[in-house]
Chemist: 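Attaching a single structure in structure tokens format; questions to follow.
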Amino acid sequence: MAEASWYVVHTYSGYENKVKANIEKTIENRHLEEQILEVRVPMQDVVEMKNGAKKQVQKKMFPGYVLINMIMNDDTWYVVRNTRGVTGFVGPGSKPVPLTEAEMKPLGINEADLIVDFAEGDSVVVTGGVWKDTVGIIQAMNTGKQMVTINVDLFGRETPVEISFTDVKKM
């Protein structure tokens with residue numbers, strides 16, 4: 001099987017999150033989870049001054065661009081290229097060029113796999129983010145995205161939530 005690489009997709013400015021959502025929906029509908037592994041809109045924390053007060057906000061690192069970790073073939077190329085809001089892949093002509101390791105390093109996207117000490121069915125506690133200090137049982141693990149799905153109690157109902165590997169700890 002071919003190896004996945006990161007590609008840059010050019011979008012209409014301001015449509016980055018919409019394109020990301022549309023591609024993720026198409027991945028789910030066409031069952032391409034094994035070929036298109038991750039879609040990202042790189043963000044960075046920026047401190048802004050508003051009315052004399054410092055405020056920390058997240059801004060897009062590359063407005064008009066979306067990063068996609070995928071195995072390039074006719075199906076994946078077609079799905080991404082024909083997503084509403086996408087103007088094309090970055091590369092000469094119509095041939096997409098994957099990002100190199102040197103280009104990926106400053107983006108903070110690690111290709112190295114994390115080694116985790118938990119598995120499906122284990123009880124974990126969330127150590128960061130919105131669900132901090134929440135306890136749950138791992139329902140599913142996605143090593144490509146480095147995410148776990150746990151059920152949390154939300155308004156009296158069990159609700160599945162995706163959380164990064166780095167934000168959970170085995171109990």
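Just so it is clear, the structure is predicted and the values come from calculations on it, not from any experiment. Computed from heavy atoms alone, side chains included, the values below leave out hydrogens, waters and symmetry copies.
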Chemist: Using the side chain to side chain contact (heavy atoms under 4.5 Å, CB included) criterion, which residues pair with R30? Sequence neighbours excluded.
Modeler: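 Applying side chain to side chain contact (heavy atoms under 4.5 Å, CB included) to R30 gives T26, L32, Y78, V79.
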Chemist: Where do A4 and L37 come nearest, in terms of heavy atoms and distance?
Modeler: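 Nearest pair, atom of A4 first, then L37: CB-CD1, 3.6 Å.
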Chemist: First locate atom CZ of R40, then atom CE of M61, and finally report the distance between them rounded to the nearest 0.5 Å.
Modeler: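 It is 10.5 Å, given to the nearest 0.5 Å.
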Chemist: What pairs with E103 under side chain to side chain contact (heavy atoms under 4.5 Å, CB included), at least two apart in sequence or on another chain?
Modeler: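 If we apply the side chain to side chain contact (heavy atoms under 4.5 Å, CB included) test to E103, skipping adjacent residues, the hits are L99, T100.
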Chemist: Checking F89 against H10 for the side-chain contact (heavy atoms from CB on, under 4.5 Å) test, could you report, in this order, the C-alpha distance in whole Å, the side-chain angles of both residues, the deciding distance, and whether it holds?
Modeler: CA-CA 6 Å; F89 282 94; H10 189 261; over 6 Å; no
Chemist: Is P98 close to W6 at the side-chain level, that is, under 4.5 Å between some pair of heavy atoms?
Modeler: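 Not touching, per the 4.5 Å side-chain cut-off.
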Chemist: Closest heavy-atom contact between P160 and N151?
Modeler: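 Closest approach of P160 to N151, heavy atoms only: CA-OD1, 3.4 Å.
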Chemist: Using the ring-ring contact (aromatic ring centres under 6.0 Å, His included) criterion, which residues pair with F118? Sequence neighbours excluded.
Modeler: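 With neighbours one apart ignored, the set is F165.
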Chemist: Rounded to the nearest 0.5 Å, how far apart are CD1 of I71 and CD of E34?
Modeler: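 With rounding to 0.5 Å, CD1 (I71) is 8.0 Å from CD (E34).
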Chemist: Kindly compute the distance separating OG1 (T149) from CD (E120), expressed to the nearest 0.5 Å.
Modeler: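 One finds 8.5 Å between OG1 of T149 and CD of E120.
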Chemist: Return the set of residues passing side chain to side chain contact (heavy atoms under 4.5 Å, CB included) with T134 (not counting sequence neighbours), or none when no residue passes.
Modeler: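 V126, W131, V152.
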Chemist: Looking at N29, I'd like to know if its CG atom is crowded, meaning that more than 12 non-hydrogen atoms belonging to other residues, nucleotides or ligands lie closer than 6.0 Å.
Modeler: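 Count over threshold, so yes.
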Chemist: If you look only at pairs with a residue in residues 15-40, which of them pass as a ring-ring contact (aromatic ring centres under 6.0 Å, His included), with sequence neighbours excluded?
Modeler: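 Non-adjacent pairs meeting ring-ring contact (aromatic ring centres under 6.0 Å, His included): Y12-Y15.
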Chemist: Compare every heavy atom of M141 with every heavy atom of I138, then report the nearest pair and how far apart it is.
Modeler: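 For I138 versus M141, the nearest heavy atoms are CG2-CG, 3.7 Å.
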Chemist: Quick one: OH on Y7 to CE on M72, what's the gap to the nearest 0.5 Å?
Modeler: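 Atom-to-atom, Y7:OH and M72:CE are 4.5 Å apart.
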Chemist: Given side-chain contact (heavy atoms from CB on, under 4.5 Å), test I150 with I163 step by step and report yes or no.
Modeler: CA-CA 8 Å; I150 65 168; I163 298 173; 3.7 Å; yes
Chemist: Have Q35 and D75 got a donor and an acceptor in their side chains that come within less than 3.5 Å?
Modeler: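 Absent: no donor and acceptor within the cut-off.
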Chemist: Between T76 and N73, does any side-chain donor sit less than 3.5 Å from a side-chain acceptor?
Modeler: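 Side chains of T76 and N73: pair found under 3.5 Å.
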Chemist: Quick check: is V9 connected to M43 through a chain of hydrophobic side chains (ILVMFWY, heavy atoms under 4.5 Å apart)?
Modeler: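 As far as the 4.5 Å side-chain criterion goes, V9 and M43 are connected within one cluster.
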Chemist: Tell me the side-chain hydrogen bond (donor to acceptor under 3.5 Å, both in side chains) pairs involving residues 53-67, sequence neighbours left out?
Modeler: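 Non-adjacent pairs meeting side-chain hydrogen bond (donor to acceptor under 3.5 Å, both in side chains): D45-Q58, E48-K59.
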Chemist: Give, for atom CE of M70 and atom CD of E3, the distance between the pair rounded to the nearest 0.5 Å.
Modeler: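 Between atom CE of M70 and atom CD of E3 there are 14.5 Å.
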Chemist: Determine the sole option in I23, V19, V8 for which the side-chain contact (heavy atoms from CB on, under 4.5 Å) test with I68 is passed.
Modeler: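 Only one of I23, V19, V8 forms a side-chain contact (heavy atoms from CB on, under 4.5 Å) with I68, namely I23.
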Chemist: Taking E16 first and then K20, would you say they form a salt bridge - that is, a charged N and a carboxylate O separated by under 4.0 Å?
Modeler: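 Here E16 does not pair with K20 in a salt bridge, since their nearest N and O are not under 4.0 Å apart.
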Chemist: In Å, rounded to the nearest 0.5 Å, how long is the span from NZ of K169 to CG of D122?
Modeler: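 It comes to 14.5 Å.
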Chemist: Side-chain heavy atoms under 4.5 angstrom apart, residues restricted to Ile, Leu, Val, Met, Phe, Trp, Tyr: same cluster for L67 and V90?
Modeler: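 They do share one cluster, since a chain of ILVMFWY contacts under 4.5 Å joins L67 to V90.
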